[in-house]
Amino acid sequence: MASEVLAKPQMRGLLARRLRIHMVGAFLISLGVAALYKFGVAEPRKKAYADFYKNYSPEKDFEEMKKAGVFRSIK
Amino acid sequence: MATPAQLGLQNATSPIMEELIAFHDHALMIIFLISSLVLYIMSLMLTTKLTHTSTMNAQEIEMIWTILPAIILIMIALPSLRILYMTDEFIKPYLTLKAIGHQWYWSYEYSDYEDLAFDSYIMPTYFLEPGEFRLLEVDNRTTLPMEADIRMLVSSHDVLHSWAVPSLGVKTDAIPGRLNQITLASMRPGLFYGQCSEICGSNHSFMPIVLEFIYFQDFEVWAS
């Protein structure tokens with residue numbers, strides 16, 4: 001019975017190969033985390049401030065607070 | 001003021017605080033970037049039996065992990081310095097007032113007006129009206145005009161204190177024998193709370209600050 005000859009497995013450079021693949025993966029993941037924070041938190045926060053001040057009226061806010069009795073210096 | 005279990009910064013009331021919040025987001029993004037990279041590398045090291053025990057020449061990687069952190073540090077320093085110089089911009093203040101720290105209350109002197117000075121003690125819990133905040137209210141609030149640059153001179157009568165109002169992005173140490181200057185500006189009317197931020201004795205947690213921002217016509221009426 002002829003025995004099949006298996007292909008020679010890779011014997012060297014295993015760690016180097018693992019590092020090569022995973023270093024690229026690590027940088028991609030960390031950049032992904034940063035992008036997630038930037039576009040998930042930072043940019044929406046800037047937009048929220050811009051939207052708040054777009055139609056904000058300090059006079060209206062002031063009158064509402066005055067009517068609610070918030071201010072002690074104004075009777 | 002902060003709400004229960006709040007982790008982040010309070011909402012900004014001054015332009016400087018808006019810039020500080022944006023910078024905090026930028027710095028925290030960089031922190032998450034580096035931390036996730038380090039955590040991933042640590043997990044890689046813990047999940048392999050492969051080793052490399054011979055001496056290595058690591059010239060290329062040494063270059064990378066020197067230059068990359070230097071670039072990251074510059075990316076942090078540039079916006080930081082921009083905001084630092086922004087806080088020191090020359091402005092012509094509408095009003096100057098002094099905040100003096102005592103054990104354990106603040107006193108305010110509006111020297112631009114005659115005879116306007118008062119002490120600001122914490123409002124005891126049993127005197128609070130419904131809707132008022134425990135350990136944050138005071139008997140005499142510091143009334144200020146909104147949409148105006150205000151110069152605060154902060155000092156102390158006895159030990160170190162610190163005059164802080166988070167939503168304005170202000171924290172200035174009150175040092176006996178020294179006048180520290182800070183500029184305030186609020187874009188909105190309302191009440192803004194702060195607390196003493198330098199340990200000053202047994203009642204350090206019980207000397208809050210309340211700023212009441214109103215229109216300057218109403219402020220002139222109040223001040224007179």
Side-chain angles (χ1 to χ4, degrees), chain A residues 6-75, chain B residues 8-9 11-12 15 17-18 21-26 28-45 47-53 61 64 68 129 131 137-144 146-147 186-191 210 212-215 217-219 221-223:
Chain A
L6 292 168
K8 184 176 178 184
Q10 192 181 353
M11 313 274 274
R12 297 171 193 279
L14 293 163
L15 182 60
R17 195 187 78 164
R18 178 187 157 88
L19 285 177
R20 227 177 293 125
I21 296 168
H22 282 97
M23 274 307 116
V24 173
F27 273 95
L28 286 175
I29 285 175
S30 57
L31 286 169
V33 164
L36 202 68
Y37 185 83
K38 185 174 169 73
F39 295 108
V41 175
E43 293 300 318
R45 203 199 303 276
K46 280 188 203 157
K47 187 171 177 299
Y49 273 92
D51 290 343
F52 176 83
Y53 281 109
K54 213 188 313 185
N55 295 318
Y56 177 69
S57 162
E59 296 89 359
K60 188 161 158 261
D61 208 11
F62 179 75
E63 289 306 321
E64 278 171 9
M65 286 188 209
K66 194 167 150 187
K67 212 166 111 185
V70 165
F71 301 119
R72 282 195 204 148
S73 53
I74 305 172
K75 296 297 164 215
Chain B
L9 297 165
N11 287 336
M17 190 57 194
E18 280 187 42
I21 288 173
F23 174 71
H24 176 266
D25 280 336
H26 172 74
L28 192 58
M29 175 191 73
I30 293 173
I31 287 168
F32 282 144
L33 186 141
I34 296 168
S35 303
S36 56
L37 180 66
V38 170
L39 268 171
Y40 188 86
I41 291 172
M42 280 166 68
S43 69
L44 276 185
M45 288 165 74
T47 52
T48 182
K49 289 195 175 104
L50 299 167
T51 57
H52 185 134
T53 52
I61 196 166
I64 292 169
L68 215 54
E129 303 283 322
E137 299 290 350
V138 295
D139 55 358
N140 299 315
R141 293 175 181 162
T142 310
T143 306
L144 293 168
M146 56 177 268
E147 291 174 343
S186 170
M187 298 186 293
R188 300 186 280 144
L191 300 178
V210 182
E212 188 171 298
F213 280 96
I214 55 179
Y215 272 103
Q217 296 95 326
D218 298 297
F219 171 78
V221 168
W222 172 84

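In this text the structure is predicted, and so the values were computed from the model without any measurement. Here is how names work: the chains are called A, B, and so on, in the same order as the sequence lines, proteins then strands, and each is numbered from 1.
For the atom pair CZ of A:F27 and CD1 of B:I41, the computed distance is 6.5 Å after rounding to the nearest 0.5 Å. The line from NZ of B:K49 to CG of A:L15 is 14.5 Å long, rounded to the nearest 0.5 Å. Here the CD1-CG distance, from A:I74 to B:D218, works out to 4.0 Å after rounding to the nearest 0.5 Å.
Against chain B, the residues from residues 29-37 of chain A that qualify, each with a non-hydrogen atom under 4.5 angstrom away, are A:I29, A:S30, A:L31, A:V33, A:A34, A:Y37 in number order. For residues 48-63 of chain A, heavy-atom neighbours of chain B at less than 4.5 Å comprise A:Y49, A:F52, A:Y53, A:Y56, A:P58, A:E59, A:D61, A:F62, sorted by residue number.
The shortest non-hydrogen separation linking A:G25 to B:Y40 is C-CE2, 4.5 Å.
Looking at B:I30, there are no atoms closer than 4.5 Å to chain A (heavy atoms on both sides), in backbone or side chain. Heavy-atom distances place the backbone of B:T51, and not its side chain, under 4.5 Å from chain A. Of the atoms belonging to B:L68, it is side-chain heavy atoms, and not backbone ones, that fall under 4.5 Å from chain A. Looking at B:F219, neither its backbone nor its side chain comes within 4.5 Å of chain A, counting heavy atoms on both sides.
A:R72 places no side-chain N or O within donor-acceptor distance of the main-chain N or O of B:T143, the cut-off being under 3.5 Å.
No other option in A:K38, A:M23, A:H22 has as many heavy-atom pairs under 4.5 Å with chain B as A:H22. Chain A forms the most heavy-atom pairs under 4.5 Å with one residue out of B:G190, B:G131, B:A22, and that residue is B:G190. Taking chain A as the reference chain and counting heavy-atom pairs below 4.5 Å, the highest number among B:M29, B:M187, B:H26 is found for B:M29. Each of A:R18, A:K46, A:R45, A:M65 has some count of heavy-atom pairs under 4.5 Å with chain B, and the biggest count is that of A:R18.
The side-chain heavy atoms of A:V41 and B:F32, taken from C-beta on, include no pair separated by under 4.5 Å.
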